[in-house]
Amino acid sequence: MSSVSDVTDAVAAASLADASGSGASPPPSSAIADGGEQVVTPWDVAGGADGKIDYAKLVTDFGCSTITPELIARVERVTGVRAHPFLRRGMFFAHRELDQILDAYERGEKFYLYTGRGPSSEALHLGHLIPFHFTRWLQEAFKVPLVIQLTDDEKFLWKSMTLEDARRLARENAKDIVACGFDPRRTFIFSDVNYMCTPFYLNTLKIAKCVTFNQARGIFGFTGESNIGQIGFPPTQAAPAFPDCFPHMFGLDKKSLRCLIPCAIDQDPYFRMTRDAAPRIGGHKPALVESRFFPALKGESGKMSASDPTSAIYVTDTPKQIKDKVNKYAFSGGRLTVEEHRERGGDLDVDISWKWLNFFEEDDAKLAEIGEAYASGRMLSGEIKQKLVECLVPMVAEHQARRARATDAVVDRFFSTAPRDFESMFGDLEGDWMDEPNGGGAAGAVSFQGSENAVATNAPETKKKGGGGDEKSVAAEGEAPLSKNALKKLAKEKEIAEKKAKKAAEAAAKKEKAAAASE
Ligand code: TRP
């Protein structure tokens, strides 16, 4: 067991967190922090004095690790797959215990992926797709199951949004997520509001009991103005890191699988808390792979804002809209005059077209060529923008085509809590699920809620308590098996309750009889 708790690490980060996350109105999602210190919380991202995020400082403050070239090489070796450009090019740049997931994987131990989205806008923008594209790649490279949480509850609590809208957006956004190419045979998508079932709630309770308000304030920056729904929310995002939240997929054993969470680095506070609680509730600490923020069209200072339509390209944009937005708003590192540009070359450090091409141009050689031409001044600002448009237009069109195939029946299949075969979700899958009847959609009605009774077949069974090293700490959380005496007491209480109920029923029957007789 680690002596240094993740939560204590996080206290250093607490000074970063200001009074964000309080009240119902959304904080500005990208700005320059007032005090000149950068601010990164799950709800608020602001650059330092120069408007930029200092990622190296985040890694130190949060206490995670940088992804090294050696680690990337190891991912490639273990999976036999070339690393995704997001990994090769440093967009996913930080991790926690990714190396241990690889160790376990090599030993033949299984793991699952967990990611999510807060459904706060009608249409997703390109930045929203990044974690999902990467997660899909991870799923295919490792051939493992995936759960995707839609935190409609979180968005209701933080934004000025009705629950009705949050729930509707969860379902709408699920279509865009499905369009990223996940396979429903090993992917489960759920809305918190719909899925909150006993196995899930049990985990949130156990986690919640491990975290004091002082700790939560340190990790998330809660204040006296925060509503108590917000303060109580973090365990809901933590819980899916434990496989027994999903009995229909993974069975009822909390340690049946390890968990790897791909996310943007602003989600780190949630999972620091989760990792701290994990051993205390008898679970594995989840591992993390964390990304930088996707730069806004108008220039790099934190995340893109969904509320400013000119700062983002949406998955619903037409080719003309994409072209116009890029030409008009994409922050340029080009020089003032053509002459000066030819002489000094474009500034790759600030040029958004270049930065976005780094995300989306998959061809390394082509990318290098563009970078060289632009930096040397041979390529002009308008020309690199054109390159970006040529890259984005087919990508967005493809997304739109795939989204059109995400019918209600297909979405229902991803939401389905019908028990699965555990083993079937690992390794190679045969054929394309889309070729199945009904476009791979749900066959019949699906239940929203999971249950302890709808358990996956062939799932690992809970090991008998007694040998595990975690038991003591688990007992502290009231999770240990009951003692003989306690069991006896419970049996006695049950017996008394049953007797009482029987007596009451007899009395009621007598009364009824008497009433009937006197009529
Ligand atoms: N809180 C995240 C958001 O607002 C959504 C989310 C829930 C998530 N669970 C997650 C993101 C796990 C990454 C990983 O977008």
Side-chain angles (χ1 to χ4, degrees), residues 67-93 124-142 179-182 262 289 291-297 300 304 312-315 317-323 325-327 330-334 341 345-403:
I67 295 179
T68 60
E70 293 74 41
L71 190 57
I72 296 172
R74 205 169 155 223
V75 169
E76 292 185 327
R77 238 183 3 257
V78 166
T79 59
V81 177
R82 174 113 207 264
H84 190 280
F86 293 168
L87 204 50
R88 295 201 310 264
R89 298 179 192 162
M91 281 78 190
F92 277 79
F93 74 109
L124 275 65
H125 60 56
L126 298 184
H128 293 139
L129 297 183
I130 304 258
F132 292 108
H133 280 286
F134 187 61
T135 302
R136 178 200 162 179
W137 177 82
L138 285 171
Q139 180 179 42
E140 288 180 356
F142 288 96
C180 291
F182 298 105
V289 252
S291 77
R292 294 164 195 271
F293 306 119
F294 185 65
L297 193 57
E300 186 158 39
M304 286 202 290
I313 303 246
Y314 294 90
V315 295
D317 283 349
T318 62
K320 183 169 178 336
Q321 281 172 317
I322 295 173
K323 188 167 165 229
K325 278 193 204 174
V326 169
N327 285 335
F331 191 85
S332 172
H341 188 89
D347 183 352
L348 297 186
D349 278 344
V350 299
D351 195 279
I352 288 299
S353 301
W354 169 246
K355 285 178 190 282
W356 281 26
L357 280 166
N358 267 274
F359 276 90
F360 300 122
E361 177 50 64
E362 291 190 8
D363 184 336
D364 289 337
K366 195 167 160 192
L367 183 70
E369 204 180 286
I370 294 172
E372 198 275 314
Y374 191 58
S376 71
R378 264 187 293 121
M379 182 180 275
L380 296 174
S381 173
E383 291 166 336
I384 196 171
K385 287 189 173 194
Q386 179 58 27
K387 293 281 181 208
L388 178 63
V389 171
E390 283 166 15
C391 168
L392 296 183
V393 165
M395 188 180 94
V396 170
E398 197 192 323
H399 180 91
Q400 290 170 358
R402 278 203 307 250
R403 191 187 197 275

Q. Going through the checks in order, is the side-chain contact (heavy atoms from CB on, under 4.5 Å) test met by V289 and L138?
A. CA-CA 11 Å; V289 252; L138 285 171; 4.3 Å; yes
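- Separation of atoms CH2 (W354) and OG (S381) is listed at 14.0 Å; rounding is to 0.5 Å.
- Between the side chain of K325 and the main chain of K320, no donor-acceptor pair closer than 3.5 Å is present.
- Here the side chains of M395 and L126 are in contact, with some heavy-atom distance below 4.5 Å.
- Closest heavy-atom contact between D317 and Q400: O-NE2, 3.0 Å.
- The backbone N or O of G90 lies less than 3.5 Å from a partner atom in the side chain of R292, making a donor-acceptor pair.
- Residues H399 and L124 fail the side-chain proximity criterion, which asks for heavy atoms closer than 4.5 Å.
- Atoms CD1 and CZ, on I72 and R82 in that order, are 10.5 Å from each other to the nearest 0.5 Å.
- Looking at I67 and V75, their side chains never come closer than 4.5 Å, going by heavy atoms from C-beta outward.
- In this structure the side chain of R403 never reaches within 4.5 angstrom of the side chain of V315, judged on heavy atoms.
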Q) Would L388 and I352 satisfy side-chain contact (heavy atoms from CB on, under 4.5 Å), going step by step from the backbone distance to the final call? A) CA-CA 10 Å; L388 178 63; I352 288 299; 5.6 Å; no
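- Residues C180 and F132 share a closest heavy-atom pair of SG-CB, 3.8 Å.
- A salt bridge links E398 to R402: one of the charged nitrogens lies within less than 4.0 Å of a carboxylate oxygen.
- Ring geometry for F359 versus F294: interplanar angle over 60°, hence perpendicular rather than tilted (30 to 60°).
- In this pair, F360 and W356 present their aromatic rings perpendicular. The plane angle is above 60°, beyond the 30 to 60° band.
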Q) What's the verdict on side-chain contact (heavy atoms from CB on, under 4.5 Å) for I130 and F92, showing C-alpha distance, side-chain angles and the deciding distance? A) CA-CA 10 Å; I130 304 258; F92 277 79; 4.1 Å; yes
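- Annotation for K387: atom NZ does not count as buried by contact number, only 12 or fewer foreign heavy atoms lying within 6.0 Å.
- Aromatic ring pairs are classed by plane angle as parallel below 30°, tilted from 30° to 60° and perpendicular above 60°; the pair F134 and F86 is tilted.
- Closest of all the heavy-atom pairs between S353 and K385 is OG-CG, 3.5 Å.
- Of all the heavy atoms in L348 and G371, the pair that sits closest is CD1-O, 4.1 Å.
- By the neighbour-count criterion of 12 heavy atoms within 6.0 Å, atom CD of Q321 is densely surrounded, having more than that number from other residues, nucleotides or ligands.
- From Q386, atom CD reaches atom CG of N327 across 7.5 Å, with rounding to the nearest 0.5 Å.
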Q.
R378 vs E383, test: side-chain contact (heavy atoms from CB on, under 4.5 Å). Steps then yes/no.
A. CA-CA 10 Å; R378 264 187 293 121; E383 291 166 336; over 6 Å; no
Q.
Could you go through R74 and E70, starting from their C-alpha distance and side-chain angles, then the distance that decides it, and tell me whether this counts as salt bridge (Lys or Arg N to Asp or Glu O under 4.0 Å)?
A. CA-CA 6 Å; R74 205 169 155 223; E70 293 74 41; over 6 Å; no
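- Atom-to-atom distance recorded for I384:CD1 and D351:CG is 5.0 Å, nearest 0.5 angstrom.
- Here the side chains of M91 and N358 are in contact, with some heavy-atom distance below 4.5 Å.
- In plain terms, the two heavy atoms of E140 and G181 that are nearest each other are OE2-O, 4.2 Å.
- The two residues V350 and G333 come nearest to each other via the heavy atoms CG2-CA, 3.8 Å.
- The distance from the CZ atom of R88 to the CD atom of E76 is 7.5 Å, given to the nearest 0.5 Å.
- More than 12 non-hydrogen atoms from other residues, nucleotides or ligands lie less than 6.0 angstrom from CD of E372.
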